[in-house]
Amino acid sequence: MNYGFQFGVVWDNIPELLEGAWLTLQLGCFAFAGGSLIGLIFAAIKTYGTWPLRFLVDCYVIFITNTPALIQIYFLYFGLPEVGIRWSNEACLLIGLTMNAGAYLTLILRAGFLSVRVTEIEASQTLGMSLIQQVRYIIVPHIAKSIYPALANFFIVVLVMGTSVGALIGVDELTGQAINLSTVNYRWLEYFTVVAGMYVVLTFIASIGLALLGRWAFRVKARIF
Amino acid sequence: MPHLEVSDVRAKYGTLEVLKGISFSIKKGEIASLVGPSGSGKSTVLRALMGLTPITGGTVMIGNDRMNYSSAKEVRAARDRMAIVFQQYNLFQNMTVMKNLTLAPLKIKKWDSAEVMSEARRLLGLVGLSDRADAYPDQLSGGQQQRVALARALALKPQILLLDEVTSALDPELVNEVLDAIRKLANEGMTMIIVSHEMAFVREVADKVVFMDEGQIIEAGKPNDIFDNPQTDRARDFFSKILRH
């Protein structure tokens, strides 16, 4: 084995890779935030809704969780233009990831809804809270605390695994950027070594952020290591 | 004129009728106590008054206002006038003691913040927990949590306070601290309906005792009359068992 490592070229392209990492972080955060909103609404419907609505939510969850994210994003990027709907590759990735995350988060949040104590709900009712006030002051904080670990893990999944699919439809996030650069000078091994390290750092930063958010907002004693 | 008048109130769980026409009344500043065996419907009376268990018949009057339990919106009127303390405290676990007390007055009633805070501090003083305002419920003993629950109910300035077996879940040595807090309220002239198994306490504070069994009122009257000279076999049997120790 006489492979000569040349990290010099990678070093020259660090700014491009950081740009990719930044895009990855943004995509991960937006998809997770959007997915959380979908998940919150759909989990509420699954818990409290009437059966036709519950059925629709079930269809969505079953369809999304049983097909690969890549297929969903290809459907948006290559499929929809056939019927005249044309979005940019970033938009397709973001919408696809959001919808994908929404289905999984519906399941995670549903578990949270089921764990809300009836006693606290009754107390809030007798204090005169409307349903919306109960959701805002009692149910959401409780859910956030009880499912925080599952939520934090899933965020990492979206951030690392979800966004990297974007490389296959030409989005220049971290993986995409690495592919672009290595096809120019063929230093695949060096680029992907560095990129792997960057993903680890990115996840680490996200973990710290999540732990701080958990402690500040939900009194969760989250561990970073 | 009675302050609260309950007339022929009925309630069902599924097909099981748990309240079979309950009627009683209390005057302002009076303390009524509901006693009776488990499953007699005492707690259900309080839950029905708060709109937690649907009422299927009868009327509830507070002052001159008839309470309407037909929809979540209408129930507000009853919940504005009455507050309940539960056996299991039912505190909001994710909020500090202070937040538990002030959430509803600030966010739901939208009362003045400075007044709400000073009233909350007064109530914590009343229940002897001034130094635990920033604690979370899981950092408190059962007795302390129950006193917080008492203060939380009072923070909404209810006209009538409902206490649902508030000492039943507590260790014996913690019961007295809660009873002391209730005694203070009694001295302040709070109108209360107390469901309790603490017969000595009931005899001490109650103006009126209502003995229930199987969803009906069997006997009602002054504590001493009911406890010492019950008129029905059912009441005699119950009190002979429970007052022996």
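Chain identifiers are assigned alphabetically (A, B, ...) following the order of the sequence lines, protein sequences preceding nucleic acid strands; residue numbering begins at 1 within each chain. FYI, side chains are in, hydrogens and waters are out, and symmetry mates aren't considered; it's all heavy atoms of this structure.
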Check: [Y] and [X] side chains under 4.5 Å, non-hydrogen atoms:
{"X": "A:L168", "Y": "A:Y77", "answer": "no"}
{"X": "A:I169", "Y": "A:F78", "answer": "yes"}
{"X": "B:E177", "Y": "B:D180", "answer": "no"}

Exercise. Identify which part of B:F86 has an atom lying under 4.5 Å from any heavy atom of chain A, answering side chain, backbone, both or neither.
Key: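 Only the side chain of B:F86 comes within 4.5 Å of chain A.
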Quiz item: Is it true that the side chains of B:D164 and B:S43 contain a donor and an acceptor less than 3.5 Å apart?
Solution: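 B:S43 and B:D164 do have a side-chain donor-acceptor pair below 3.5 Å.
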Quiz item: If you check every heavy atom in residues 97-109 of chain B against those of chain A, which residues fall under 4.5 Å?
Solution: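 Under the 4.5 Å heavy-atom cut-off, B:L103, B:A104, B:K107, B:I108 qualify.
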Quiz item: In terms of side-chain geometry, is the basic nitrogen of B:D134 or B:R132 positioned less than 4.0 Å from the acidic oxygen of its partner?
Solution: no
Quiz prompt | Winner by heavy-atom pair count (cut-off under 4.5 Å) against chain A, out of B:R79, B:M82, B:Q88 | solution = B:R79
Quiz item: Think B:R152 forms a cation-pi with B:Y89, using NZ or CZ under 6.0 Å from the six-ring centre and within 45 degrees of its axis?
Solution: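 Here B:R152 fails the 6.0 Å and 45° test against B:Y89.
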Quiz item: Does A:D58 have any side-chain contact (heavy atoms from CB on, under 4.5 Å) partners at least two apart in sequence or in another chain, and if so, which?
Solution: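 For A:D58 the side-chain contact (heavy atoms from CB on, under 4.5 Å) partners, ignoring immediate neighbours, are A:K46.
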Practice problem: Counting only heavy atoms closer than 4.5 Å, note whether A:Q133 contacts chain B via side chain, backbone, both or neither. | Solution: side chain
